[in-house]
Structures are given as C-alpha cells and as structure tokens.
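Working notes, beginning with the structure itself.
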Amino acid sequence: MDMRPGHFQIEATDGAARAGALHTGHGAVPTPIFMPVGTVGSVKALAPDDLQALNARIILGNTYHLYLRPGDELIARRGGLHRFAAWDRPILTDSGGYQAFSLSGLRKISEEGVLFRSHLDGSKHLFTPEKVLSIQRRLGSDIMMVLDECVPYGTDHAYTAESIKLTTRWALRSREAFPAELTRGGEAYNLLFAITQGGFFKDLRRASVEELAPLDFDGFAIGGLSVGEPKAEMYELLAHTAPLLPADKPRYLMGVGTPLDIMTGIANGVDMFDCVLPTRNARNGTLYTSLGKINIKRREFAEDDGPLDPACSCYCCRTFSRAYLRHLYVSQELLSFRLNSLHNLTYFLDLMTRARQSILAGSFNAMYTTIKALYPGEAA
RNA sequence: GCGGACGUAGCUCAGUUGGCAGAGCACCUGGUUGUGGCCCAGGGGGUCGGGAGUUCAAGACUCCUCGUUCGCC
C-alpha cells in the first residue's frame, strides 16, 4: 500500500459516496472525515487529549489568525504548530481567503492579493498567494490551502466570472512558488489543495473546476458555499460541482456544515468537511443528538434529570443531566463550553465513523435516509 | 418629632410645556456553516406605592396617606 504523504486511496464506494484514506506527514486520515476547527491553534474549550479521546483525526488552524497572533515565525521557532499546540496528528490550515469574505469590512482585494486590516489592532497586512503558503509552511501544516476569493451570495455573473479567473491565477502562482517537489520533500511535507469557486452559477462552477483540475494539486475544495444562500440552492450547486472534481483526489467541502449538509456532501462524493457549527453551537447552547437538535437553554430542561442524549456514550451524556447542563449554560460556566463541545464533536465524529462504515458495508443510503428524517425542514 | 430626596417592568433607571408607558440588563423562543466566547431576529412582562382632587386628558399638577432614605432636633 502506498503510504506516501499526498496519496489518496479509495477503499470503497457506495453510489457516489466514497470511503478512503488520505496519507499525510502525520499519518493517515480516514475519509469521509470531519475536521474540528481550531482557528488559533486550539479547538475552543478542549485540550488535545480530549480530541484524542473523541478520536479526532485532523484539526484545522487558520493562517490569518495565527499570523497575526502569536505570529508564524514565533511558532516556527517553537518547532511548528504541532509541537507548539501539542497535537501530533494532521493539521489543515486555511489560507485566510475566507477571512477576506467574513471580515470584509477590513480588506481590499487586488491582483496582487488581499490587503487586510487586522481585527486585533488595525494594522495593515498584504496576503499574497505566495505569502500565505510561506506562513502555512512555517506553521508546519500538513494540508495547505491556496488563497482564494470567496464571493458573497448575490454576487452577479460578471463579477463572479472575473473572480474565478483571479482565483485560478492565484492558484497558479501558489503552485509555481511552492512546486510539488518542494512541498512534498524534505522535513516538511505539506500537501497543497486548490479551492474551486464560481458563486451560484453552474457554468462558472464548471469553469473553475476545469481550470484548476489539470493542475498538480493534492486535493480540491469546493469553496463559497454556505454563505447565506437558501439551502436548496446550496444542495443544487453541491450536486452539480462535486462530481466535476477529479475522482482520484480528495474532495473537500469547505465550512460545511450541519449533519444533514455533511451527509448530503458525502452522498455527492465529498470526502472532507470542516465547520465551526459543533463547537460554536456548543458554546451557544445548541446541541446535536440522536433525537435531533436540542436547545439546552430551554426552560423545559430546568428539571430534566435525564441524559442529554440517551444514545450517546460521551463523558457528558454518561455523567450529567440535562438540568445540570442547562444550569451550567445559563450560568455561563466554563464547564458548559467544555461539556457541550465534547458532546457536539462526539456527535459529528461518530456520524462520520458511521457514514464511513455504512459506505464500506454498502448501506450508506439507508443511513442518509435516517439522517434526513432526523432533520426535517432542513432538507431541500 | 421636623425638613428634604426618592417610590415607574424581575433589576438599574429614563419619561420634554399634562397628549398611545419606554430603554438597558434579566427572562422566554428562534437563528448561528473555511470561529472575534460573539452577534442577529422575535416575544412575554406595568393598578407608574395607595387614595382623593384639578383637567377633554395625569406617571407628571394639588392634597392626604404608606414606604425607603438622608439631614436636623
């Protein structure tokens, strides 16, 4: 078996769904996979040994945030992000392209790159395709993402058409500055993923993929979805775009999503997902369970002595009552963040494990159907 | 005992020359998709301490009364 970093091995398919393994410099990642988000080098409220116990296989970090604080060079001097954060499994780093979208009041986009104004102190920083990869290499990222432009929902065809060309030019510059022989050799072994865009136009989604697919990237992402569009539209674009991506490379749906979104992604042949939803919602009292979404802040749980999710075996569900979890949330106790995060990530990661097993067993569709039934109203 | 100040939503308080009783927080219900421990949307809440009077109309003006508080005897 080829264990070289960058190699993606597909073990089984079930319809369009795939089960596989992506090899990195810090070991293999089984797919489909959900990647918890640890923007500043920490999955909020959790320690690495928690994540190990949850069986998290890979986490995210963010170029923009880590560059600003504490600084990529400082992290490099500490031996890289893995050692700095005491996490020895793979790390994927986002390029900062999404921050150009989410922090759009603070940035200016040009051919050269993205000019940011720091959300921390207002200082200006130019992020070029080359610079964001330098930063990611210094961090010691296992999977680096190219700089891209993510356009807001509602952007017109003309602007989006120019935008995908810019994203392609940036991808070319990225690959030229960090050719495969550089990023796949030496001590640092950094895979490099491209990001397809195209807004909400099928022709542009196709064009973006056709421009990027022939290039020598280790994986291909679908960016620019889940930016405020109606769910039906997202699912339509997802179903249109995912099959266009190279079949022999990992496919990554960025920033998505809800359990149903993720299952829908898998059903369309996507292998990798990341989302802040399980951790952010954990901190905001929304918990995912085998019974559906539960808002633990609701008054009805004030004297509910039962477990959060009777079907869950996580520490939180084994040990505490809904009444206690509600109390912790209402009191804004730190333990609330921790227990809720432990639970939500358990749910998401278990969902992926089950999805992978069902693909291997050829029963993915049945599982997909049960998840659809669990989240009515979310379906397109 | 005398004098002053204050009594308005659960809390802290606005409320103009008298003209539909408000805010912030709290509470309740949603939302949250490549993370600023945020933020957004909606909602329930009032015998304006009590009573009487003036007035077309009183939270506001007048009188009585109860309470809190400060000062002075």
Side-chain angles (χ1 to χ4, degrees), chain A residues 34-46 58-66 68-69 91-103 105-106 116-122 132 136 141 143-151 153 167 193-197 219 221-231 234-235 238 252-262 264-265 270 272-288 293-302 326 329-338 340-341 344-345 348 375 377-378:
Chain A
F34 179 81
M35 307 181 281
V37 179
T39 304
V40 301
S42 148
V43 175
K44 294 183 191 296
L46 300 180
I58 173 171
I59 62 173
L60 252 71
N62 188 284
T63 299
Y64 167 81
H65 294 272
L66 289 167
L68 287 180
R69 187 171 61 191
I91 295 174
L92 181 149
T93 47
D94 189 19
S95 62
Y98 187 76
Q99 276 59 45
F101 163 73
S102 65
L103 305 173
L106 307 167
F116 281 99
R117 191 176 287 278
S118 163
H119 66 282
L120 298 174
D121 64 6
V132 299
Q136 291 178 81
S141 171
I143 302 176
M144 308 188 293
M145 302 304 299
V146 298
L147 189 67
D148 64 328
E149 184 186 15
C150 176
V151 301
Y153 180 62
T167 290
F193 279 28
I195 305 174
T196 68
Q197 290 285 348
I222 300 171
L225 290 186
S226 209
V227 291
E229 72 280 12
K231 187 135 286 196
M234 175 191 155
Y235 285 179
L238 168 62
Y252 168 24
L253 179 55
M254 302 188 77
V256 171
T258 67
L260 182 59
D261 294 343
I262 291 170
T264 302
V270 176
M272 304 167 66
F273 304 85
D274 79 279
C275 193
V276 303
L277 218 50
T279 43
R280 176 186 284 163
N281 278 0
R283 297 192 304 280
N284 293 329
T286 299
L287 304 173
Y288 293 88
K293 226 159 71 162
I294 284 184
N295 199 334
I296 198 61
K297 57 191 129 180
R298 290 172 62 100
R299 160 150 272 162
E300 65 175 284
F301 301 126
R326 177 178 192 271
Y329 177 79
V330 170
S331 306
Q332 287 292 286
E333 279 296 309
L334 296 180
L335 185 56
S336 174
F337 296 135
R338 175 170 151 72
N340 291 350
S341 298
N344 269 356
L345 280 182
F348 273 64
Y375 299 98
E378 271 193 53

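Proteins come first, then strands; the chains are lettered A, B, ... in the order of their sequence lines, and each starts at number 1. What's counted below: heavy atoms across the whole structure, side chains too, no hydrogens, waters or symmetry copies.
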[N] versus [M] - spacing of their [atom1] atoms, nearest Å:
N: B:C61; M: B:A14; atom1: P; value: 15 Å
N: B:G46; M: B:G50; atom1: P; value: 14 Å
N: B:G43; M: B:A5; atom1: P; value: 40 Å
N: B:C20; M: B:C56; atom1: C1'; value: 16 Å
N: B:C48; M: B:U32; atom1: P; value: 41 Å
N: B:C28; M: B:G45; atom1: P; value: 16 Å

Under 4.0 Å, heavy atoms only, any strand: does A:Leu253 hit a base, just the sugar-phosphate, or nothing?
nothing

Name the nucleic acid region contacted by A:Asp261, choosing base, sugar-phosphate or nothing; use a 4.0 angstrom heavy-atom cut-off, strictly under.
base

Over how many whole Å does the gap from A:Ile195 atom CD1 to B:G34 atom P extend?
13 Å

Euclidean distance, atom CZ of residue A:Phe116 to atom P of B:G36 [Å, nearest integer]
11 Å

Would you please classify the geometry between the A:Tyr252 ring and the A:Phe193 ring as parallel, tilted or perpendicular, with 30° and 60° separating the classes?
perpendicular

Below 4.0 Å: OP1/OP2 of [N] and any side-chain N or O of [X]:
X: A:Arg326; N: B:C28; value: yes
X: A:Arg280; N: B:C38; value: no
X: A:Lys231; N: B:U33; value: no
X: A:Lys297; N: B:C27; value: no
X: A:Ser226; N: B:U33; value: no
X: A:His65; N: B:U35; value: no
X: A:Asn62; N: B:U35; value: yes

With RNA chain B as reference, determine whether A:Glu333 or A:Val227 sits nearer its 5' end, using the nearest nucleotide of each.
A:Val227

Which residue lies more 5' along RNA chain B, comparing A:Leu334 with A:Glu300 via nearest heavy atoms
A:Glu300

Which helical stems does RNA chain B take part in, if a stem means at least 3 consecutive Watson-Crick or G-U pairs with both distances below 3.5 Å?
B:1-7 with B:66-72, B:10-13 with B:22-25, B:27-31 with B:39-43, B:49-53 with B:61-65

Applying ring pair (Phe, Tyr, Trp, His ring centres under 6.0 Å), can you list everything that pairs with A:Tyr288, at least two apart in sequence or on another chain?
A:Phe348

Applying ring pair (Phe, Tyr, Trp, His ring centres under 6.0 Å), name anything that partners A:Phe301, two or more places apart in sequence or on another chain.
none

Please check this pair: side chain of A:Gln136 against backbone of A:Met145, looking for a donor-acceptor N/O pair closer than 3.5 Å.
yes

Applying side chain to side chain donor-acceptor pair (under 3.5 Å), name anything that partners [X], two or more places apart in sequence or on another chain.
X: A:Gln332; answer: none
X: A:Asn284; answer: none
X: A:Tyr329; answer: none

